[in-house]
Amino acid sequence: MKIYLVEHAIGAFAFNDRGELVDYVHNNKEIGKVVDYLLENEEGEPLPSSLELVKKVGAEEVVVEDEREVQKLQAKAGVKVTYATSHVGARKFRESLESFALSTHFASTDELYNYLHQLSLELTRRKLRKAAQRRDLLAIQAVRAMDDIDKTINLFSERLREWYSVHFPELDKMLEDHRQYASVVSRFGYRDAIGNKDELVELGIQEAKASRIIDVARKSIGAELSEADIRALTSLSDSILRLFQIRDELNEYVDSVMREVAPNITALVDSSLGARLLSLANGLDELAKMPASTIQVLGAEKALFRALRSGARPPKHGIIYQYPAIHSSPRWQRGKIARALASKLAIAAKIDAFTGRLSSDQLVDQLMKRIEEIKTKYPSAPPRQESQKQESQRQKGKRERGRGDRRRRGGRRR
Amino acid sequence: MSEVVSIYETNMLNIFRCEFEDGTVRLCTKNLSPGHNVYGERLIRYNKIEYREWNAFRSKLAGAIMKGLKESPLSVGSRVLYLGAASGTTVSHVSDIVEASGKVYAVEFSPRVVRELIMVAQRRPNVITILADARFPQRFRTLVEAVDVLYVDIAQPDQAEIASYNASLYLKKEGHLLLAIKARSIDVTKEPEEIYKREVEKLSSNGFDVRQVVNLDPYDKDHVMVLAKYEGK
């Protein structure tokens, strides 16, 4: 039988010469794997699903779309292969991609396009990676700039709150969020101008709170200000809002660069924590050389060296404390989770630095399983006495060292 | 920046005109990812809808519309194959026009600008980014489908051939082609008019029915935008 082979991100499809679908084999839905297949396919390597399909149909002759695939398919599948661009099957398939995805139960239209979108981003990032040179340094600078901006925002916001409180002291306590506070000052200026609930809601403030603010603004005990006073205030609040905007843009930029240079790290922890790890290690290559135990305490150097010097207990985690499963878990689980995460990060960093292949699904899976295991195995705090024993050991250690020091000092004096 | 007086839809679907207080009129499109701009363009809120200004000096499609393109082949839900997507300026407006149900397959070959394109695509689920050479359309066959509109802006000497080849693979019959021709990148020694004529002839002999040729001056010097309908070979 002669089949017309169509290869697509969703799978391999065989058509007969009347343009009817004979059979199909879907691709694995794991994006990391499909990216690998598609990269090889661009060099003329048949998709694994195509090989499976040719066998399944028992085809004697296969017509492919790309000239470069002829020889390789012939060798691998052992059938006669020819090529024709835009053949009957190709036309048929691409005219109704959605309905083929639906009728072969690959995915609904929304899922299909969501899948293609994700896949195209991942594939493009992989190709960009080849052209990349030390782009990890850019992510590092950007994430440091983000930290600087955070500090500046806090500094300016504190000043704005104190300053605007001369005019409207009650607002400080009512709006905890710096961004909302700054946008209220920037939008209205005078507290008397705050009168429309919809305008407040548009700034992201809840309705009940908005009504309360309007109410309080009427009865405020603050001083009256002149036009010039208000202008100075609003220009400061505008600057704060602009800083928030730059921060958002930087965040998105860091995300984009991180997904390109370190896709596996970014999949394990989010892009900003990933970039902070790179920043502490001074680059992806350096991070890849680190053992998991070092990665676990990156960012807690002060506590670590204090522990080494004094014999106190070492830190359980450094910057990876920001990982939600660590800081939201009870104290006695954190160290275990930190160790599990750090070991996966060490693997991910090595993959990212040396191959760039996306194998995060597997890593994330294993990590989630381990975290689950820790949570079920250690649901409650360890018995009290154990920690007392540790405590007394630590004390003893300190005492011994203390005595030793004294003796040595005495010796020198002699 | 002066205030917006009014915004109304042109005779083309989802393409709007925005009148400003000082009398200037500019194009804009409804923003598919509200709150974000792509190339520093102004965001305008009008009747609770956010629009993005569409700069005719930055985008040849906007230039063509300002210069009297008669019909726009783009509608809600259109599938578009966009060759020469660059950093995604025009792509983002096309993505606005076809809305979430439409798809834009954005092909670009230069890694440097693809980095910017990918930032645009991250926020727009209807943009499929493809880093590939438009000369070899088989190499991106695993990502695309048949399209209603083929948009070509690649500034290559053989762009008419590249466009025709891509059309033969992916453009639906009765689909439309929008082709931006930059005279200087085809042949610097010849008169622009002569080049346009020759390129249009090439398209005709490849199964296109050329509907309109729009000169983009003053937005782009020595450029035209060609609108053609595909009859198939």
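Just so it is clear: chains get the letters A, B, ... in the order the sequence lines come, proteins before strands, and each one is counted from 1.
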Legend entry - Residue pair R17(B) / I7(B), side-chain heavy-atom distance below 4.5 Å: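 No, their side chains stay 4.5 Å or more apart.
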
Legend entry - Minimum side-chain heavy-atom gap H87(A)-F15(A) below 4.5 Å: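 H87(A) vs F15(A): side chains apart.
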
Inset, instruction - Would you mind telling me which of S96(A), G44(A), A9(A) has the largest number of heavy-atom pairs within less than 4.5 Å of chain B? - result: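 Answer, by heavy-atom pair count under 4.5 Å with chain B: A9(A).
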
Inset, instruction - Flag the one option from R259(A), E98(A), E67(A), E249(A) with the top tally of heavy-atom pairs under 4.5 Å to chain B. - result: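 The option with the most such pairs is E98(A).
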
Legend entry - Stepwise side chain to side chain contact (heavy atoms under 4.5 Å, CB included) test for N14(B) and D96(B): CA-CA 8 Å; N14(B) 261 346; D96(B) 280 349; over 6 Å; no

Legend entry - Heavy-atom pair of closest approach, residues Q122(B) and H117(A):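 Result for this residue pair: O-CE1, 4.3 Å.
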
Measuring heavy-atom distances to chain A, does [X] have an atom under 4.5 Å in its side chain, in its backbone, in both, or in neither?
X: V127(B); result: backbone
X: K103(B); result: side chain
X: F140(B); result: neither
X: R79(B); result: side chain

Inset, instruction - Verify, without hydrogens or angle tests, whether N166(B) (side chain) and A134(B) (backbone) share a donor-acceptor contact under 3.5 angstrom. - result: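 Yes, the answer is positive, given that a donor and an acceptor are paired below the 3.5 Å cut-off.
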
Legend entry - Among K172(B), K173(B), K229(B), salt bridge (charged side-chain N to carboxylate O under 4.0 Å, His left out) partner for D148(B):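 Option passing the salt bridge (charged side-chain N to carboxylate O under 4.0 Å, His left out) with D148(B): K172(B).
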
Against chain B, label [X] side chain, backbone, both or neither, depending on which of its atoms sit under 4.5 Å from a heavy atom there.
X: F93(A); value: neither
X: R68(A); value: side chain
X: I10(A); value: neither
X: L38(A); value: side chain
X: L121(A); value: both

Inset, instruction - Using a cut-off of under 4.5 Å on heavy-atom pairs, state which of V147(B), I128(B), N126(B) scores highest against chain A. - result: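 Heavy-atom pairs under 4.5 Å are most numerous for I128(B).
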
Inset, instruction - Sort out for me which of M119(B), Q138(B), R141(B) touches chain A most, counting heavy-atom pairs under 4.5 Å. - result: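 Ranked by heavy-atom pairs under 4.5 Å with chain A, first place is R141(B).
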
Inset, instruction - Check whether NZ of the Lys or CZ of the Arg K29(A) lies under 6.0 Å from the centre of the six-membered ring of F106(A) and within 45 degrees of that ring's axis. - result: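 Pair K29(A)/F106(A) counts as cation-pi.
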
Legend entry - Charged N-O contact under 4.0 Å between R126(A) and E122(A):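 Salt bridge absent between R126(A) and E122(A).
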
Legend entry - Pair E202(A) + R187(A), salt bridge at N-O below 4.0 Å: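 A salt bridge links E202(A) with R187(A).
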
